[in-house]
Amino acid sequence: MSPRLDTDTVVVGLGAMGSQALWRLARNGVDAIGVERFSPGHDRGSSHGESRIIRTAYLEGSEYVPLVRAAWRAWDELQEAAGTELVVRTGALMLGRPESPAIAGSVTAAERHGLSYARLSPADLAERHPRHRVRHDEEGVFEEAAGVVLPERAVLAAVNEARRAGARVLTGRTVTRIEPDPDRPRVWIGDTEIRARRVIVTVGAWLTRLLPGLADLGGGIRVERRVLGWFPITDPLSASLEPVFARDEADGTLWYGFPSMDGGRTLKIGIHAEGPETRAPEGRRPGSQWGEPVDPDIGPRPPDAADARRLGALVAGLRGVAPTPERTVSCMYTMTSDEHFLIGRHDELPGLVLAGGFSGHGFKFASAVGEALADLAGEGRTDLPIGMFDPHRWDG
Ligand SMILES: Cc1cc2nc3c(=O)[nH]c(=O)nc-3n(C[C@H](O)[C@H](O)[C@H](O)COP(=O)(O)OP(=O)(O)OC[C@H]3O[C@@H](n4cnc5c(N)ncnc54)[C@H](O)[C@@H]3O)c2cc1C
């Protein structure tokens with residue numbers, strides 16, 4: 001590689017967000033270079049494991065709904081450009097007590113935005129969604145506008161389409177340093193320098209490694225471990241594709257699962273947050289302290305027998321699923337203190353546009369976030385509703 005490259009925009013990190021940003025830039029005719037330390041679609045960041053939930057009645061806050069809507073539209077655009085399916089519509093079932101974030105937060109978001117949904121009693125659930133064992137004091141909220149995004153396939157599709165539209169993609173290259181500058185920021189890959197007009201930084205769990213000045217932003221950015229497991233299905237119960245689900249337990253544990261993506265053999269579940277937790281208005285889940293810290297250069301500790309047992313205990317809430325996982329994997333969440341994302345510019349990092357801190361719920365938005373990042377790098381502004389993710393929101 002030549003010791004100096006020039007371009008309009010560099011995208012550092014081609015995971016969920018960076019791959020989408022690179023595609024949007026290239027599609028807009030912008031000269032762009034994407035740099036990825038591994039190969040797109042890899043399993044060492046936060047975007048592997050076959051499936052991600054997309055929901056519209058957003059329990060984490062009704063203010064996300066306009067961005068989810070933008071994301072659905074933007075996923076369709078990428079699917080059309082790539083000629084491949086990236087989102088599978090299954091509907092979503094939220095389960096819990098009426099006052100739980102899963103139920104109350106989803107209902108609030110649906111009511112505020114006029115989304116269609118159905119409230120289901122335990123008897124309704126037994127009839128329509130027999131996979132789920134619920135207690136008499138729990139209920140369900142079903143929405144159709146939900147499903148599964150295929151993460152590895154989505155990253156690869158965006159990178160391939162970016163390449164096809166003219167982007168240069170450097171894989172197996174680690175950005176070692178970024179020099180912010182309002183006119184000509186520089187990106188270093190060892191001794192190779194890339195000069196650009198703008199730099200988009202989408203390095204996921206490595207954000208505060210590359211930009212250590214952000215480590216204390218908003219009270220601190222933490223990288224935490226999470227574990228997923230695939231459990232054998234012993235009884236199909238129904239021939240149709242089941243909805244994705246999230247379940248709020250009485251102790252505050254929020255776990256989730258997917259319909260079988262392997263022809264009815266296994267079903268994947270994961271834990272988003274362990275209880276106990278404090279509750280906040282509108283079903284938001286502020287700063288859960290749970291989560292083993294991870295050094296992203298080492299990676300999350302591999303799953304062990306205790307993880308398998310913990311997941312297996314939750315599977316008791318599902319009919320027709322064996323309690324021992326066939327396989328488990330671990331991955332990383334990058335948490336902000338309020339569990340909302342960081343998207344935008346930071347005054348101390350001129351020439352850079354950031355997207356990080358997706359706090360375990362960012363994938364569904366990646367298509368719209370990529371579009372917003374390309375707008376911010378190009379025009380300096382975007383019409384997409386990302387104001388609440390301003391990295392300066394904690395100032396004063
Ligand atoms: C187990 C699990 C389950 C989840 N479930 C859901 C869900 O159901 N729905 C949902 O919406 N979200 C979900 N999420 C969250 C979502 O997957 C993440 O928010 C999202 O993938 C984060 O994307 P990212 O681009 O910030 O990070 P990543 O996709 O990890 O991308 C960062 C990239 O930057 C690269 N990189 C890092 N440093 C450098 C460097 N110095 N030079 C070059 N490249 C570099 C990395 O290799 C990586 O490819 C889940 C996350 C996990 C871990």
Side-chain angles (χ1 to χ4, degrees), residues 10-22 33-55 58 60 64 67-68 71 87 92 146-152 154-155 158-159 169-178 187-190 194 200-211 223-229 244-246 254-258 268-272 291 294 296-297 299-300 303 328-336 339 341-343 354-370 373:
V10 186
V11 181
V12 183
L14 301 180
M17 310 299 161
S19 59
Q20 299 289 329
L22 189 68
I33 297 179
V35 189
E36 168 54 48
R37 69 189 301 162
F38 303 119
S39 59
H42 67 87
D43 64 358
R44 293 157 83 171
S46 300
S47 298
H48 59 283
E50 180 185 284
S51 45
R52 292 290 184 271
I53 295 176
I54 179 166
R55 301 171 264 119
Y58 214 61
E60 291 82 351
Y64 281 83
L67 192 63
V68 193
V87 184
V148 183
V149 190
L150 308 175
E152 292 90 346
V155 170
V159 171
V169 178
L170 309 178
T171 61
R173 309 272 177 174
T174 301
V175 168
T176 42
R177 191 159 51 95
I178 302 177
V187 169
W188 294 88
I189 303 172
I194 312 179
I200 295 176
V201 185
T202 44
V203 290
W206 286 265
L207 183 64
T208 61
R209 288 293 155 99
L210 201 52
L211 301 171
V223 180
E224 296 182 357
R225 173 178 179 268
R226 293 290 189 279
V227 179
L228 317 167
V244 295
F245 69 90
L254 182 63
W255 61 289
Y256 58 89
F258 293 84
K268 179 181 117 177
I269 71 155
I271 303 173
H272 178 71
V294 181
D297 286 330
T328 49
V329 302
S330 52
C331 93
M332 299 180 282
Y333 273 14
T334 307
M335 309 296 292
T336 62
E339 299 188 17
F341 316 149
L342 298 173
I343 308 174
L354 316 172
F358 285 95
S359 303
H361 61 118
F363 203 97
K364 64 184 75 60
F365 300 99
S367 54
V369 171
L373 293 172

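Read the numbers this way: they start at 1 and go in the same order the structure lists the ligands and their atoms.
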In this structure, atom 34 (O) of ligand 1 is nearest to the protein heavy atom Gly13 CA, 3.3 Å
The protein heavy atom nearest to atom 42 (N) of ligand 1 is Val175 N, 2.9 Å
In this structure, CZ of Phe365 is separated from CG of Leu67 (nearest 0.5 Å) by 5.5 Å
Counting from 1 in the order shown, the ligand 1 atoms closer than 4.0 Å to a non-hydrogen atom of Phe38 are 47 (O)
Note: His42, heavy atoms under 4.0 Å from ligand 1, region reported as side chain
Any heavy atom of Leu228 under 4.0 Å from ligand 1? The part involved is side chain
Nearest heavy-atom approach of Ser359 to His272 is O-CE1, 3.8 Å
Numbered in order shown, the ligand 1 atoms found under 4.0 Å of a heavy atom of Gly45 are 30 (O)
ask   = Can you find a non-hydrogen atom of His48 under 4.0 Å from ligand 1?
value = no
In ligand 1, the atoms that come under 4.0 Å of a heavy atom of Phe358 are 19 (O), 26 (O)
| Would you say Gly362 and ligand 1 have an N/O pair spaced under 3.5 Å apart? | yes
- Contact check: Phe258 vs ligand 1, nitrogen or oxygen atoms, below 3.5 angstrom: no
The reported gap from CG in Leu342 to OG1 in Thr334 (rounded to nearest 0.5 angstrom) is 10.0 Å
If we number the atoms of ligand 1 from 1 as shown, the ones under 4.0 Å from a heavy atom of Met332 are 53 (C)
Nearest non-hydrogen protein atom to atom 24 (P) of ligand 1, with distance, is Met17 CG, 3.9 Å
Note: Ile53, heavy atoms under 4.0 Å from ligand 1, region reported as both
Quiz item: Within the side chain of Lys268, is there an N or O that forms a donor-acceptor pair under 3.5 Å with the backbone of Gly49?
Solution: yes
Q.
Do the side chains of Arg52 and Glu152 get close enough for a salt bridge, i.e. N-O under 4.0 angstrom?
A. no
Note: His361, heavy atoms under 4.0 Å from ligand 1, region reported as backbone
of all protein heavy atoms, closest to atom 1 (C) of ligand 1 is Cys331 SG, 3.0 Å
For Val35, the atoms of ligand 1 under 4.0 Å from one of its heavy atoms are 43 (C), 44 (N)
Verdict with supporting geometry, Leu354 and Ile343, side-chain contact (heavy atoms from CB on, under 4.5 Å): CA-CA 5 Å; Leu354 316 172; Ile343 308 174; over 6 Å; no
The closest protein heavy-atom partner of atom 43 (C) of ligand 1 is Arg37 N, 3.4 Å
Query raised in the report: Salt bridge between Asp297 and Arg37, side-chain N to carboxylate O under 4.0 Å?
Result: yes
At under 4.0 Å between heavy atoms, what of Phe365 touches ligand 1? The answer is neither
In ligand 1, the atoms that come under 4.0 Å of a heavy atom of Tyr256 are 1 (C), 3 (C)
With heavy atoms and a 4.0 Å threshold, my read on which part of Arg44 contacts ligand 1 is neither
Short version for Trp206: what comes under 4.0 Å of ligand 1, heavy atoms counted, is side chain
Checking Tyr333 against His361 for the side-chain hydrogen bond (donor to acceptor under 3.5 Å, both in side chains) test, could you report, in this order, the C-alpha distance in whole Å, the side-chain angles of both residues, the deciding distance, and whether it holds? CA-CA 9 Å; Tyr333 273 14; His361 61 118; over 6 Å; no
Backbone or side chain, does any N or O of Lys364 fall under 3.5 Å from an N or O of ligand 1?
yes
Taken to the nearest 0.5 Å, the spacing of Leu373 CG from Met17 CE works out to 8.5 Å
The closest protein heavy-atom partner of atom 16 (C) of ligand 1 is Phe363 N, 3.5 Å
The closest protein heavy-atom partner of atom 17 (O) of ligand 1 is Arg52 NE, 2.8 Å
One finds that the ligand 1 atoms under 4.0 Å from a non-hydrogen atom of Thr202 are 32 (C), 33 (C), 34 (O)
Ligand 1 atoms nearer than 4.0 angstrom to some heavy atom of Thr174 are 41 (N), 42 (N)
